[in-house]
Amino acid sequence: VNGVWAPAALLAIARLDESGLLRDYLPAESRALADTAAIARVWLREAPRRFDVKVTAKDARRRVADYAREIGVDAVPALAAIGESGVSFRAVSLDSEGRPVPILNSDEGFALLLLDPDSAEATRIAESLTRAFPAGLLTDVGLLVANAAFADPTLQPEFGRNRYHGAVVWSWQQALLAAGLDRQLRRSDLSLAARTALARARLRLGAAMKGAIDVRGSELWSWSQLDGRYRVEPFGQRREDETESNAIQLWSTVYLAKP
């Protein structure tokens, strides 16, 4: 909300104002919208950075290895995906003292769909989300919505594969990221390196989406791992699953993008 939706809404208001379409409907003495673009720039500069999480390569490898061992998944692909610059992402929220809660999450896809980040930021988002889980969010059966590998161990069970807002796949969230990556690839102002990273991320995501194509119309699903490969597990049928599923939600029945 603070890092993407608010500035995106302000920028949209500014574009509408600049179009002149509202001129006949605003009092002559009221030009409050004239400052909207400047306000949006402040939001873009100040809000997102408050959610920044940066983990060194050494610490990231240790945390990923520990978390993979705890949840019983193969850590090798994830460890190989961590570069020398470490891991950087935007936290899922802030705690009561204003500190980032270090849960890697798929909501960063909204920035690719609604904003025009610079080359470095677009690359960071694409790479951080499409690294192999639990270094990132990508599995053989889709994009997870949350990864608690970098959080305090006491918080990690709250974001497991049996939690509705945990390490599960939401069909609409991966469709959102696919649309965001496609939008960024249509831009002409990004560097070649950024475009290469975005295209690579899109291919990875497409392959993961095809891995669960039989359940793509489902609201969400979970997973298990056998011999180093992820496989789809229905969500809500196990005793430990904590679900908020609602059949009348739009994303329960509508798939929003092609693999």
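Remember, it's a predicted structure, so these values are computed and weren't measured experimentally. Here, residue 1 is the first one in the sequence, and each next residue gets the next number.
A salt bridge between R49 and D52 is absent, with no side-chain N of the basic residue lying under 4.0 Å from a carboxylate O of the acidic one. Residues D59 and K54 are not paired through a salt bridge, judged by the lack of any N-O separation under 4.0 Å between the basic side chain and the carboxylate.
L198 places a side-chain heavy atom less than 4.5 Å from the side chain of L190. With contacts defined as side-chain heavy-atom distances shorter than 4.5 Å, the pair R229/Q225 does not qualify.
Ring centroids of W170 and Y164 are separated by less than 6.0 Å, placing the two rings close together.
Remark: the backbone N or O of L112 is paired with a side-chain donor or acceptor of Q184 at under 3.5 angstrom. For S119 (side chain) and S191 (main-chain N/O), a donor-acceptor pair under 3.5 Å exists by modelled atom type. The main-chain N or O of A151 is found under 3.5 Å from a side-chain atom of Q156 such that the two form a donor-acceptor pair. Here the side chain of D214 pairs no donor or acceptor atom with the backbone of A212 at under 3.5 angstrom. A donor-acceptor contact shorter than 3.5 Å is absent between the side chain of S218 and the backbone of L220. Not one N or O on the side chain of E18 forms a donor-acceptor pair closer than 3.5 Å with the backbone of A37. With S171 contributing its side chain and R216 its backbone, the two residues share a donor-acceptor pair below 3.5 Å.
Under the 4.5 Å side-chain heavy-atom criterion for Ile, Leu, Val, Met, Phe, Trp and Tyr, L79 and I71 are members of the same hydrophobic cluster. One hydrophobic cluster holds both I82 and V73 under the rule that ILVMFWY side chains link at heavy-atom gaps under 4.5 Å. Follow the hydrophobic side-chain contacts under 4.5 Å out from L226 and you never reach V168; the two are in separate clusters. Put simply, V101 and V145 are part of two different groups of oily side chains (I, L, V, M, F, W, Y) that touch within less than 4.5 Å, one to the next. Under the 4.5 Å side-chain contact rule for hydrophobic residues, L205 and Y230 share a cluster.
A side-chain donor from one of D107 and Q173 sits under 3.5 Å from a side-chain acceptor of the other.
Here the CG atom belonging to L44 is positioned 12.0 Å from the CD1 atom belonging to I39, to the nearest 0.5 angstrom. A distance of 8.5 Å separates OG in S188 from CZ in R195, rounded to the nearest 0.5 Å. If you take CZ on F159 and CG on N105, they are separated by 9.0 Å, rounding to the nearest 0.5 Å. From S106, atom OG reaches atom CG of L176 across 7.5 Å, with rounding to the nearest 0.5 Å. Distance check, rounded to the nearest 0.5 Å: CZ of R200 to CG of L181 gives 12.0 Å. To the nearest 0.5 Å, atom NZ of residue K58 and atom CZ of residue R62 are 9.0 Å apart.
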Checklist entry - Going through the distances and angles, do D66 and R61 end up as a salt bridge (charged side-chain N to carboxylate O under 4.0 Å, His left out)? => result CA-CA 8 Å; D66 289 347; R61 292 189 182 100; over 6 Å; no
Item to check | Worked verdict on D182 versus R186 for salt bridge (charged side-chain N to carboxylate O under 4.0 Å, His left out) | outcome: CA-CA 7 Å; D182 289 344; R186 290 194 294 269; 5.5 Å; no
Item to check | Verdict with reasoning, D140 to R231, per salt bridge (charged side-chain N to carboxylate O under 4.0 Å, His left out) | outcome: CA-CA 7 Å; D140 301 322; R231 58 184 183 180; over 6 Å; no
Checklist entry - V87 and V53: side chain to side chain contact (heavy atoms under 4.5 Å, CB included), yes or no, with the steps? => result CA-CA 8 Å; V87 174; V53 176; over 6 Å; no
Checklist entry - Could you go step by step and tell me if E158 and R163 meet the side chain to side chain contact (heavy atoms under 4.5 Å, CB included) rule? => result CA-CA 7 Å; E158 300 298 318; R163 298 300 179 100; 2.9 Å; yes
Next on the checklist: Would E121 and R90 count as a salt bridge (charged side-chain N to carboxylate O under 4.0 Å, His left out) here? Give the steps.
Outcome noted: CA-CA 11 Å; E121 179 69 352; R90 296 263 157 77; 2.9 Å; yes
Next on the checklist: With side chain to side chain contact (heavy atoms under 4.5 Å, CB included) as the criterion, how do T130 and L137 come out once you've worked through the C-alpha distance, each side chain's angles and the decisive distance to 0.1 Å?
Outcome noted: CA-CA 6 Å; T130 61; L137 296 175; over 6 Å; no
Checklist entry - Passes side chain to side chain contact (heavy atoms under 4.5 Å, CB included), L113 versus L177? Steps please. => result CA-CA 7 Å; L113 185 64; L177 180 58; over 6 Å; no
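Residue E233 places its CD atom among more than 12 non-hydrogen atoms of other residues, nucleotides or ligands, all under 6.0 Å distant. The neighbour count for R187 CZ, taken as heavy atoms of other residues, nucleotides or ligands under 6.0 Å away, is above 12.
A cation-pi arrangement is present between R161 and W223 under the rule of less than 6.0 angstrom and at most 45 degrees off the ring axis.
The two residues L104 and S128 come nearest to each other via the heavy atoms CD2-O, 3.9 Å. When all heavy atoms are compared, the tightest approach of G3 to P48 is O-CG, 3.7 Å. Counting all heavy atoms, side chain and backbone alike, L144 lies closest to A167 at CD2-O, 3.7 Å. In plain terms, the two heavy atoms of A149 and P134 that are nearest each other are CB-O, 3.5 Å. Contact detail for G136 and N147: the closest heavy-atom pair is O-ND2, 3.0 Å. Across every non-hydrogen atom of E108 and L129, the tightest pair is CB-CD1, 4.2 Å.
The aromatic rings of F150 and F89 sit tilted, their planes meeting at an angle between 30° and 60°. Relative orientation of the F133 and Y67 rings is perpendicular, given thresholds of 30° and 60° on the angle between their planes.
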